[in-house]
Amino acid sequence: MILSDKHIREQLEKGRIKVEPCDLSKQLGAVGIDLRLSNSFRLFKTTHKAFVDLTEEHFDIDTDLLEIPDKERFIIHPGEFVLGMTIENVELPDDISGRLDGRSSLGRVGIIVHSTAGRVEPGWKGRLTLEISNIGKLPIALIPGMRFCCIMFEQVSSPVERAYKGKYLGSTQPTASKISEDFKGKK
């Protein structure tokens, strides 16, 4: 069951769901809370390797962390993929999950907000890394602080036995893939 604005507000007031900082008068919608784009971006560099081996402990995808100064824009070019982050810190209890979704207005100009990671597990705590792509034909200026995506909340049938304690818990900046941890001890 997706929570309505009424139930989201109740869960926030009880402290069961936390979305901070948040101005509900501007960010709360009928079934979710709009999240804003931070000024931190992780850019991927071209590598000298022919492919990425996801099983290598430190697979070679070089990235740069870029902090955009206040009131400046980040230009994402056609075909480009970057990691961004929400301004808001999100915390979920063990019986509510989140679903991240892009805004239609951004999709209509070719901006994809998440490639695959739209689910926010029960027990999550931290800022959300965004997998941003420009599939349009023109460069687009992204404005830090803009409403960029929405998080909807779903009641889980019962409290989960395995709340999220994964490798991205507590993220404070756009975090590159840690998938190699999935392969430790399996070679």
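Since the structure is predicted, the reported quantities are computational estimates derived from the model, not experimental observations. Counting from 1, the numbers follow the sequence of the chain as shown.
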Asker: Does a side-chain heavy-atom distance below 4.5 Å link Asp64 with Arg42?
Answerer: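 SC-SC contact between Asp64 and Arg42 ruled out.
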Asker: Look at the side chain of Ser38 and the backbone N and O of Met85, then say whether any donor-acceptor pair between them is shorter than 3.5 Å.
Answerer: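 Side chain of Ser38 to backbone of Met85: a pair is present.
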Asker: Are side-chain heavy atoms of Ile96 and Pro122 found at a separation under 4.5 Å?
Answerer: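 Not touching, per the 4.5 Å side-chain cut-off.
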Asker: Is the closest side-chain heavy-atom distance between Ile8 and Phe153 below 4.5 Å?
Answerer: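 Yes - at least one pair of side-chain heavy atoms lies under 4.5 Å apart.
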Asker: Looking at CG of Leu37 and CG of Leu106, how far apart are the two atoms once the value is rounded to the nearest 0.5 Å?
Answerer: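 Here the interatomic distance stands at 9.0 Å.
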Asker: For Leu100, does its backbone N or O pair with a side-chain atom of His114 as donor and acceptor, under 3.5 Å?
Answerer: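 Yes; at least one donor-acceptor contact below 3.5 Å.
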Asker: Side chains of Leu3 and Val31: does their closest heavy-atom pair fall under 4.5 Å?
Answerer: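 Answer no - side chains too far apart.
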Asker: Taking the side chain as every heavy atom from C-beta outward, state whether Leu66 and Ser40 have any atom pair closer than 4.5 Å.
Answerer: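 Not touching, per the 4.5 Å side-chain cut-off.
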Asker: Tell me whether Arg127 is salt-bridged to Glu88, with the criterion being a basic N under 4.0 Å from an acidic carboxylate O.
Answerer: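 Answer for the salt bridge query: no.
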Asker: Nearest 0.5 Å, please: how far is CG in Asp34 from CD in Gln27?
Answerer: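 Taking CD in Gln27 and CG in Asp34, the distance rounds to 7.0 Å.
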Asker: Would you give the length of the straight line joining atom CD1 of Ile111 to atom CG of Leu130, rounded to the nearest 0.5 angstrom?
Answerer: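 That separation rounds to 11.5 Å.
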Asker: Please report the interatomic distance SG(Cys150) to CG(Leu28), rounded to the nearest 0.5 Å.
Answerer: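 Here the interatomic distance stands at 9.0 Å.
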Asker: How about Phe74 and Asn39: do any of their side-chain heavy atoms sit closer than 4.5 Å?
Answerer: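 No; the side chains remain at least 4.5 Å from each other.
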Asker: Using the six-membered ring wherever Trp is involved, compare the ring planes of Trp124 and Tyr164 and label them parallel, tilted or perpendicular (cut-offs 30° and 60°).
Answerer: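 Rings of Trp124 and Tyr164: tilted, 30 to 60°.
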Asker: Quick check: do Arg99 and Glu154 have side-chain heavy atoms less than 4.5 Å from each other?
Answerer: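 SC-SC contact between Arg99 and Glu154 confirmed.
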Asker: Within the distance-only criterion (no hydrogens, no angle test), does the side chain of Ser158 pair as donor or acceptor with the backbone N or O of Val156 below 3.5 angstrom?
Answerer: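 The answer is no, because no donor-acceptor pair under 3.5 Å joins these two groups.
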Asker: Strictly distance-based, threshold 3.5 Å: is any side-chain N or O of Arg103 a donor or acceptor partner for the main-chain N or O of Arg147?
Answerer: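 Checked: pair present.
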Asker: Short question: side chain of Asn134, backbone of Leu138 - any donor-acceptor pair under 3.5 Å?
Answerer: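 Looks like yes, one N/O pair under 3.5 Å.
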Asker: Looking at CZ of Arg162 and CG of Asp94, how far apart are the two atoms once the value is rounded to the nearest 0.5 Å?
Answerer: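 Between Arg162 CZ and Asp94 CG, I get 14.0 Å after rounding to 0.5 Å.
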Asker: For the backbone of Glu10 and the side chain of Glu13, can you confirm whether one donor and one acceptor N or O come within less than 3.5 Å of each other?
Answerer: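 No, Glu13 side chain to Glu10 backbone: no donor-acceptor pair under 3.5 Å.
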Asker: Distance from Ile87 atom CD1 to Glu20 atom CD, nearest 0.5 Å?
Answerer: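 Answer for the CD1-CD pair, Ile87 versus Glu20, is 14.0 Å.
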Asker: Ignoring hydrogens, what is the shortest heavy-atom contact between Gln155 and Asp95? Give both atom names and the distance.
Answerer: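 Distance-wise, the nearest heavy atoms are NE2-O, 3.0 Å.
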Asker: Identify the two heavy atoms, one from Leu12 and one from Val19, that lie closest to each other, and give their separation to 0.1 Å.
Answerer: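 So the two residues come closest at CD2-N, 4.1 Å.
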Asker: Out of the candidates Ile112, Val113, Leu142, only one should pair with Ile132 under the side chain to side chain contact (heavy atoms under 4.5 Å, CB included) rule; please name it.
Answerer: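 Only one of Ile112, Val113, Leu142 forms a side chain to side chain contact (heavy atoms under 4.5 Å, CB included) with Ile132, namely Leu142.
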Asker: State which residue, out of Lys18, Arg16, Lys6, fulfils the side chain to side chain donor-acceptor pair (under 3.5 Å) condition with Gln11.
Answerer: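 Only one of Lys18, Arg16, Lys6 forms a side chain to side chain donor-acceptor pair (under 3.5 Å) with Gln11, namely Arg16.
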